[in-house]
Amino acid sequence: MHYHHLPHPVPPTTTTFPDSMFSKKGKRRGNYNCGRCGQPKKGHVCHLPLTDSVSPSVTTVITPLSEPIQVKQRNHQPGSNLRRALSFDDIDVTEGTESDDDVADDVEVDFGSGKLPVSCVWEVMRRLPPVDLLSAAKVCTGWRDVSKMVWKAAEEVRVRVPKGSRVGFVGSVLQKCVKLGRLKLIMESDMDSTMLACIAFACPNLESMEIVMVEGSVNRITGDELGRFVADKRCLTTLKMDGCASLGSFVLCSNTLSTLWLSDLHSLSKMVFNVPNLNEISLDFTRQENDSTDLTSMMDGLGRTCPKLQNIHIASLQLSHSVVLSLTAANLRGLRMLSLVLGSEITDASVAAISKCYSNLELLDLSGSSISDSGLGIICNVFPETLTRLLVALCPNITSSGIQFATAQLPLLELIDCGMTICDSDTQYEKNNSEVEISPNSKLHLMQQKLFIKHARLKKLSLWGCSGLDSLYLSCPNLNDLNLNLCKNLVPEKLVLQCSKLEHVHAVGCEDVLIQAVQTQVSDDSASSESHYSRKRMADGSKRVGIPFLFSQPMPDYDKTSWKIRKRRCTVVVE
Amino acid sequence: MTSSKTIVLRSSDGATFEVDEAVALHSLMIKHRIETGGADSTTIDVPEVTGNTLSKVIEYCKKHVEAPNSDDLKSFDTDFVKVDQAVLCHLAKASYYMNIKGLLDLSSKTIADMFKGKTVEQIRETFHIKNDFTPEEEEELRKENSWNLFV
């Protein structure tokens, strides 16, 4: 399961969300290239124009499941993409067809000034994206027959449904692939019950359905319709749906459903989850203040009916301590990842309750809450043996000492997100000024904070927006990605980076001197004195400054002539 | 280290190629033949593949067996398939019969990439295919795939 980084409420100029922070580059399965432009599919949306034989408005795009956000540009609702990184694992993208159909090898088909056995043509066609496959079918009768076989064997289809297209379009595609197990629809047109019924009818073996809504399109599906769909699909294990504003209330009954992601929820009057095998749930509510959803009773119900939950993600302004208490009352034995974001009413007491009940968490995300350094202290006491990911972005009551304590006390930590925590924002100070007793250090408390982090396993660190940070010392040999966007007050002389594996440093909105300092730090690790800077402006307008530096590691047993020299390129993202 | 036994592969047109056993085993079909053929099988017939293609296939297997983790494997693969279409098709066919997954993936994908962005007519030209549809069949196809029905 792959989630996206919380987009901090920033002025639109800085739109480079550190998504890279949450994508693991380790597993390289399914490393296919886009059929249309040849670029690697990961994180790629193909914009190549279509051929004349197919209507120009139809685009069948194969986008990797791990980056659905790139197809849906919800710029008009900056807060709506609230999924966090609950997992490093990129979703395995299995190419469309894996069939053991017995293909008659003695049948040969015209192919390229010769003949190829059907199985070979099949091997070629199954690697074609849907639009090319449809074209191939029109070439000759032999090819038409092979392409039919490929469709029939298709287990997974991802289709962009263009604006204004009728249900017939989706139907005609789906009817070709009877065995279809996994369907992803990118809806440029509206989503409604007719479409849902079409899917229900055409795909009897559907296991996974994902509906992505593109900006401007509306999802009209009601709770009743969704409930009926889920109840009828006997094999459905995964359901992900965007734009669920019309749900209203729903009762979901399924023995097979294990993953459920619903986003853009609003004012749900009733939510019943008769889903005993539910493993992972993600509920993103819209960021509207007048949401009447009763999260406490929802959590109550969830806890009672879904005992096997392992991963929970809820993003809602209505999150509060009582919701947490319902959660702890549920005693979910398998809970490993917990993400409760945007709830400013979540406090240290909530942390205490969570830690008492669920001591094996691997991921804890309480971004946007009111927890303080003592809450972090509790976390460090309870979770040092299991916690690998900690996200506490946008928590105004956290200071650098809390963060420092956390990094010192949690040896297994691989990711920590402290975006917008150490802030010196004047407005925040003024607000506190009137209510809170001013201790002698509190003015300094918000400014000139220092961070000294020495951690053997940390891979990703985000100090996005920490404008109160003035000095930073990092000694993290496994650190891969560092986010210093908008760390405006970080003093270049007080920056020390001893992280040999650093590959990406984000320094958007930072002073030039700081960027220079970062570059020097990163290239200081090299034993070689030669270093050339190449500036490259990328197609999307951002700039990359590449600093190849040589990292030479002397092996104690070897003599000097056989040093292993590894070139590692660390890029500093400045725009 | 096993002894460097060699295997002789014979193509459809009688050409023979002597290769290390390890290289030959990269083809699962040959592996199977050796394992089931008894201890004396040193000559394997590959009647589905001509000499020219077989030598290319052997080149591929050699590189992949002898230096499987080298950095230039990717560029080797890219250059390997920079051949004309007929050779590519022969390679695909050979890799299918000889059950060499890597080469099958590589050649199929390369051929598949040749489709991108082409109209039906262009595809026919590229692969020298004759349109053998009757007008009724053509009409049928067009209807089936009609997403021209926009509101």
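Keep in mind the model is a prediction, meaning the values are calculated, not measured. Numbers restart at 1 for each chain; the letters A, B, ... are given by sequence-line order, proteins then strands.
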For A:Trp143 and B:Ile123, run side chain to side chain contact (heavy atoms under 4.5 Å, CB included): C-alpha distance rounded to whole Å, both residues' side-chain angles, the deciding distance at 0.1 Å, then the answer.
CA-CA 11 Å; A:Trp143 284 32; B:Ile123 295 175; 3.6 Å; yes

Could you go through A:Ser135 and B:Phe115, starting from their C-alpha distance and side-chain angles, then the distance that decides it, and tell me whether this counts as side chain to side chain contact (heavy atoms under 4.5 Å, CB included)?
CA-CA 9 Å; A:Ser135 301; B:Phe115 279 71; over 6 Å; no

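By the 4.5 Å heavy-atom criterion applied to side chains, A:Arg144 and B:Glu137 are counted as neighbours. At least one side-chain heavy atom of B:Tyr97 sits under 4.5 Å from a side-chain heavy atom of A:Pro117.
Atom NZ of B:Lys130 sits about 10.0 Å away from atom OG1 of A:Thr141, to the nearest 0.5 Å. Rounded to the nearest 0.5 Å, atoms NZ (B:Lys93) and CD (A:Glu123) are 15.0 Å apart. Atom-to-atom distance recorded for B:His90:NE2 and A:Leu116:CG is 8.5 Å, nearest 0.5 angstrom.
Other residues, nucleotides and ligands contribute only 12 or fewer heavy atoms inside 6.0 Å of the NZ atom of B:Lys62. Counting heavy-atom neighbours within 6.0 Å of A:Asp145 CG, excluding the residue itself, gives a total above 12. Within 6.0 Å of NZ on B:Lys63 lie more than 12 heavy atoms contributed by other residues, nucleotides or ligands.
Taking the charged nitrogens against the carboxylate oxygens, B:Asp105 and A:Arg127 do have a contact shorter than 4.0 Å, which makes a salt bridge.
Remark: side-chain polar atoms of B:Asn131 are not paired, donor with acceptor, to backbone N or O of A:Cys140 under 3.5 angstrom.
The two residues A:Cys120 and B:Ala92 make their nearest non-hydrogen contact at SG-O, 4.0 Å.
Using a 4.5 Å cut-off between heavy atoms, B:Glu121 makes no contact with chain A at all.
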